[in-house]
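A quick write-up on the structure given underneath.
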Amino acid sequence: FFADSGLGEIPLAYLPGVAGVDLRVTMKEMPRSAAKSLLDAAIVKLRSRVNAYAYGEDDTDMAEIVLDQCRQRGLRLAVAESCTGGMLGERLTAIPGASDVFVGGIIAYDNQVKLDALGVSAADIARSGAVSAEIALQMATGALNAGRANVALSITGIAGPGGGTPEKPVGLIWVGIAGPETAARRFHVGGDRGEIRQRATQAALEMLRRALNNR
């Protein structure tokens, strides 16, 4: 239940999915107008408590939020992808009007493409592996330079079902950002191959969303 001294207790459901966790409040057995009024007030209070983590309501797509943030700041966005194989770029270009923000991306699935197209260091791949903070950062920087962008995102990981090790299990993802800030973050997500790839794109977009909000 979502408890509040002014609203009483309102049923609150947590609905986890590939894109995150939906929070749903419901009211039953009362007139529609009264229920709507209570639900509207509950949503306002609930949002105030999870504001740093909440990005939208209903079917809002994180890609749309990130594109709007970049647009408001006059930023041009590029991406570099390995395990997601273009899924991040597809999500961005699925949003109408993306072309005034998104410049494009490089799918560097093979390590040689990482070296040739993104300027990643062969020595760093040999030392740290392609799924690492160092390579994620270099991929992001390479995309930034290749696209002549202001900000870039990169994703490298192990989507499975094979290829994992105890040190680097299936579902391990590294996301890199270059531009307003330079950072890499490790994620370990679950699911099958498709779900891991979807969760990787969502994690990358959320990381950029929060980085832009902190500017």
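Since the model is a prediction, treat every value here as computed from it, not as a measurement. Residue numbers count from 1 along this sequence.
Residue Ala200 comes nearest to Thr84 through the heavy atom pair CB-CG2, 3.8 Å, listed as atom of the first residue, atom of the second, then distance. Contact record, Ala146 with Ile106: CB-CD1, 4.0 Å, taken as the closest heavy-atom pair. In terms of heavy atoms, Leu77 sits closest to Phe102 at O-CD1, 3.3 Å. Annotation for Ala136 and Trp174: closest pair CB-CB, 3.9 Å, computed over non-hydrogen atoms. Nearest heavy-atom pair across Met27 and Ala35 is CB-CB, 3.9 Å. Shortest non-hydrogen contact noted between Ile155 and Ile173 is CG2-CG2, 3.9 Å.
Arg193 places a side-chain N or O within donor-acceptor distance of the main-chain N or O of Gly160, the cut-off being under 3.5 Å. Between the side chain of Ser37 and the main chain of Ala34, no donor-acceptor pair closer than 3.5 Å is present. Checked by atom type and distance alone, the side chain of Ser154 pairs as donor or acceptor with a backbone atom of Gly176 at under 3.5 Å. Without hydrogens or angle criteria, Glu195 side chain to Asp192 main chain gives a donor-acceptor distance under 3.5 Å. The main-chain N or O of Pro169 is never found under 3.5 Å from a side-chain atom of His188 such that the two would form a donor-acceptor pair. When atom types are taken as modelled, the side chain of Thr182 and the backbone of Ala178 share no donor-acceptor pair closer than 3.5 angstrom. Glu134 places no side-chain N or O within donor-acceptor distance of the main-chain N or O of Asp124, the cut-off being under 3.5 Å. Looking at Arg197, its side chain does come within 3.5 Å of a backbone N or O of Cys83 through a donor-acceptor pair. In this structure, Lys168 contributes its side chain and Val131 its backbone to a donor-acceptor pair below 3.5 Å. Between the Thr156 side chain and the Ala130 main chain, a donor and an acceptor come within less than 3.5 Å of each other.
Atom-to-atom distance recorded for Glu181:CD and Asn214:CG is 7.0 Å, nearest 0.5 angstrom. The structure places CG of Leu92 at 11.5 Å from CE of Met62, a figure rounded to the nearest 0.5 Å. Separation of atoms CD1 (Ile196) and CD1 (Ile158) is listed at 9.5 Å; rounding is to 0.5 Å. Atom CD of Gln198 and atom CE of Met87 lie 5.5 Å apart (nearest 0.5 Å). In this structure, the separation between CD1 on Ile65 and SG on Cys70 is 11.5 Å, given to the nearest 0.5 Å. Interatomic distance, Leu38 CG to Thr26 OG1, rounded to the nearest 0.5 Å: 12.0 Å.
In the hydrophobic clustering of ILVMFWY residues, with side-chain heavy atoms under 4.5 Å counting as a link, Leu46 and Tyr14 come out together. Cluster membership check: Leu137 does not share its hydrophobic cluster with Leu208, using side-chain heavy-atom separations under 4.5 Å among Ile, Leu, Val, Met, Phe, Trp and Tyr. Ile95 and Leu153 fall within a single hydrophobic cluster, where Ile, Leu, Val, Met, Phe, Trp and Tyr are joined by side-chain heavy atoms under 4.5 Å apart, directly or via other members. Cluster annotation: Ile135 and Val175 are assigned to distinct hydrophobic clusters (Ile/Leu/Val/Met/Phe/Trp/Tyr, side-chain heavy-atom contacts under 4.5 Å, transitive).
Side chains of Gln138 and Thr141: no donor on one and acceptor on the other come within 3.5 Å. Judged by distance alone, the side chains of Asn213 and Gln69 do bring a donor and an acceptor atom under 3.5 Å apart. The closest side-chain donor-acceptor pair between Gln202 and Arg91 falls under 3.5 angstrom.
Side-chain contact between Val101 and Asp68 is absent, with no heavy atoms from C-beta onward closer than 4.5 Å. The shortest side-chain heavy-atom distance between Leu88 and Leu205 falls under the 4.5 Å cut-off. Contact annotation: the side chain of Leu75 approaches that of Leu212 to within less than 4.5 Å [non-hydrogen atoms, C-beta and beyond]. Counting heavy atoms from C-beta on, the side chains of Ser82 and Met139 come closer than 4.5 Å. Side-chain atoms of Arg199 and Phe187, non-hydrogen and from C-beta on, never get closer than 4.5 Å to each other. Contact of the Leu115 side chain with the Ile125 side chain is registered, since non-hydrogen atoms from C-beta on lie closer than 4.5 Å.
Counting only residues at least two apart or on different chains, the salt bridge (charged side-chain N to carboxylate O under 4.0 Å, His left out) pairs with a member in residues 100-119 are Arg71-Asp100.
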### Task
I would like to know whether Leu172 and Val189 meet side chain to side chain contact (heavy atoms under 4.5 Å, CB included); could you show each step before the answer?
CA-CA 7 Å; Leu172 174 65; Val189 301; over 6 Å; no
